[in-house]
Amino acid sequence: MTSPAAQETRPAPTDPSYDPAQYRPGRTIRDWEPENELFWKSIGKKVAARNLWIAVPALLVAFVVWQVWSVTATSLADVGFAFSTSQLFWLTAVPGLTGGTARICYTFLGPLIGQRRFTALSTVVLVVPLIWLGIAVQNPDTPYGVMIAIAALCGVGGANFASSLANIGFFFPKRDKGNATGINGGLGNVGVSVVQLLTPIVITSSVLAVGSAQHKADGTPVWLQNAAFLWVPVLVILAAVAWFGQNDLDVASTPFKQQKIIFRRKHTWLMTWLYVGTFGSFIGFAAALPMLITTTFTPIDAAYSAATYAWLGPAVGALARWAGGWIADKIGGARVTIISFTGMALSIIGVINFLPSGGDHGDFWGFLACFLCAFFFSGIGNGSTFRQIPVIFRNQHLKGLAEGTPAYGRALKQAEMEAGAVTGFTSAIAAYGFFFIPAMFANSAVTSAMWGFVAFYASCIAVAWWCYARQGAESPS
């Protein structure tokens with residue numbers, strides 16, 4: 001909290017030096033001091049909340065676009081597309097590759113262009129791959145290469161996460177950053193469950209259909225294009241709301257030449273390793289689970305339907321992210337991160353034990369329960385790791401400085417800038433989990449891949465404990 005002496009040196013929210021017009025929707029805010037308690041209670045909290053709750057639905061639908069192939073791919077064979085199981089896994093994996101790469105760009109473009117403008121533009125551009133997808137799925141002769149190209153473009157939806165969370169972090173004071181990014185990221189992640197839950201429903205509705213029906217082998221009509229076309233008007237509306245309702249922050253406007261210093265910070269790379277373990281697992285498992293259920297259990301019992309159960313995992317993980325950020329604000333991010341990796345490792349060991357093996361058909365319900373636990377702990381870790389980042393960089397930059405001094409102010413601004421850039425960069429690298437996990441299932445035995453995840457989680461526990469949780473750690477968080 002800002003000291004009384006420091007507050008006296010700053011203009012009060014009613015001071016003429018503050019222009020009230022700058023805090024209106026659609027404006028650029030020059031004066032933003034969330035750590036100033038008087039400013040926060042009178043002006044900042046309301047403005048920050050408005051920007052947060054506009055960001056949440058825009059991010060949710062961006063996740064819908066990113067994940068639409070995870071469920072669309074499971075229906076292609078039913079309507080005459082002659083793709084192999086491996087090819088279908090690749091269709092679910094490719095959006096992760098482009099999403100992660102685009103996130104790296106979005107991390108640095110958002111502060112450069114202005115987050116209000118960038119949120120609106122990055123939302124409306126997602127209309128393009130959805131329209132193309134809606135056209136392509138109506139023709140079973142559409143070449144596989146075209147489908148891969150569409151999947152790649154849909155992956156750009158995942159990039160919005162990096163810019164959105166970095167932006168929202170600037171609006172909130174230190175004590176609320178974990179909760180705010182947990183809400184934004186957690187409810188945004190719900191888009192994974194929304195698309196997996198709604199797609200099997202909307203593709204059977206002729207009322208929503210634009211274009212011709214496809215037919216299953218038994219003659220049942222479906223409209224796969226509904227899964228894409230449904231979201232086009234939603235994206236246009238959300239882009240308009242962001243453009244006219246959010247704000248740009250001058251404090252968040254930073255050229256790349258200043259942001260690139262994060263690549264010289266060792267904590268950038270340590271936290272990237274940890275976030276790959278949490279979010280990389282969450283998004284990779286979410287992308288792969290529908291196909292994993294379909295190819296592992298459906299031949300044994302048709303009741304094991306990907307459409308019925310796959311959405312549960314991402315929903316659990318997304319809501320747990322919110323809790324993870326809140327708990328981390330209370331007891332410390334590093335402790336919660338260690339708990340999350342321990343839970344994930346034990347959950348995946350459980351998944352392995354319930355997989356079919358040899359003549360054993362496995363246990364679907366045990367498999368599903370353990371996977372839901374893995375999603376839960378990944379969500380907890382998503383929230384705690386994102387809470388750690390701003391704390392670590394504040395501790396590094398503000399060490400030994402007196403609050404309220406000019407040096408403290410400059411260091412605080414630098415810490416906020418680096419924390420925002422690191423938040424975006426770690427999310428970009430972790431997004432590659434969307435690509436690598438389905439790709440691993442497409443090219444290796446499921447059990448071997450699972451044991452690889454367990455080993456990786458063990459390394460994350462070691463990093464989190466040694467660097468951030470043990471007594472005497474350089475930067476406890």
Side-chain angles (χ1 to χ4, degrees), residues 55-74 89-107 110 118-119 121-134 147-165 184-199 227-232 234-235 238-239 279-291 310-311 313-315 317-318 321 375 378-379 382 424 427-439:
V56 166
L59 184 57
L60 186 152
V61 180
F63 264 84
V64 166
V65 179
W66 195 24
Q67 281 279 346
V68 69
W69 277 99
S70 69
V71 63
T72 300
T74 65
F89 265 117
W90 279 108
L91 284 174
T92 66
V94 165
L97 186 63
T98 53
T101 303
R103 277 190 182 194
I104 297 174
C105 301
Y106 277 31
T107 295
F118 195 70
T119 299
L121 294 174
S122 63
T123 299
V124 77
V125 76
L126 299 178
V127 167
V128 175
L130 287 185
I131 292 176
W132 195 7
L133 173 61
M147 292 300 212
I148 285 288
I150 298 171
L153 288 178
C154 286
V156 175
N160 291 23
F161 185 84
S163 57
S164 183
L165 263 71
N184 191 31
L187 296 183
N189 291 169
V190 170
V192 180
S193 293
V194 168
V195 70
Q196 293 182 351
L197 176 63
L198 290 185
T199 297
F229 290 155
L230 172 67
W231 302 105
V232 170
V234 178
L235 286 167
L238 291 175
F279 184 78
S281 297
F282 167 83
I283 201 66
F285 290 153
L289 187 57
M291 281 297 299
W311 67 274
R321 179 175 192 138
F375 273 107
S378 72
N382 286 338
S427 76
I429 303 303
Y432 286 117
F434 188 162
F435 170 76
F436 284 109
I437 290 179

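The model shown is predicted, which means the values in this text are computed figures rather than measured ones. For the single chain, residues carry numbers from 1 onward in sequence order.
- When every heavy atom of Ser70 is checked against every heavy atom of Thr92, the shortest pair comes out as CA-CG2, 3.9 Å.
- Within the 4.5 Å cutoff, side-chain heavy atoms of Ile283 are placed close to those of Phe63.
- For Ala288 against Ile437, the heavy-atom pair with the smallest separation is CB-CG2, 4.3 Å.
- Put simply, CG on Leu197 and CH2 on Trp311 are 5.5 Å apart, with the number rounded to the nearest 0.5 Å.
- Across every non-hydrogen atom of Thr119 and Ala58, the tightest pair is CG2-CB, 4.5 Å.
- A pairwise comparison of heavy atoms in Phe229 and Ile131 identifies CE2-O, 3.7 Å as the closest pair.
- Legend: residues meeting side-chain contact (heavy atoms from CB on, under 4.5 Å) with Ile148, ordered by chain and number and at least two apart, are Leu91, Val94, Tyr144.
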May I have the list of side-chain donor-acceptor pairs in residues 153-162 shorter than 3.5 Å, sequence neighbours left out?
{"from": "Asn160", "atom 1": "ND2", "to": "Ser122", "atom 2": "O", "distance (Å)": "3.4"}

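- Atom CH2 of residue Trp231 and atom CG of residue Leu60 lie 7.0 Å apart, to the nearest 0.5 angstrom.
- Evaluation of the side-chain contact (heavy atoms from CB on, under 4.5 Å) rule for Leu235 yields Val61, Val65, Thr123, Leu126, Val127, Leu130 as partners, not counting sequence neighbours.
- In this view, Ser281 and Phe285, Met344, Tyr457 satisfy the side-chain contact (heavy atoms from CB on, under 4.5 Å) rule, not counting sequence neighbours.
- Listed by chain and number, the residues in a ring pair (Phe, Tyr, Trp, His ring centres under 6.0 Å) with Phe118 are Tyr106 (sequence neighbours excluded).
- Residues forming a side-chain contact (heavy atoms from CB on, under 4.5 Å) with Val195 (at least two apart in sequence, or on another chain): Val64, Gln67, Val68, Val71, Thr199.
- Closest non-hydrogen pair, Ala286 versus Gln196, comes out as O-NE2, 2.9 Å.
- Nearest heavy atom pair, residue Ala430 against residue Phe279, reads CB-CD2, 4.0 Å.
- The shortest side-chain heavy-atom distance between Phe375 and Val192 does not fall under the 4.5 Å cut-off.
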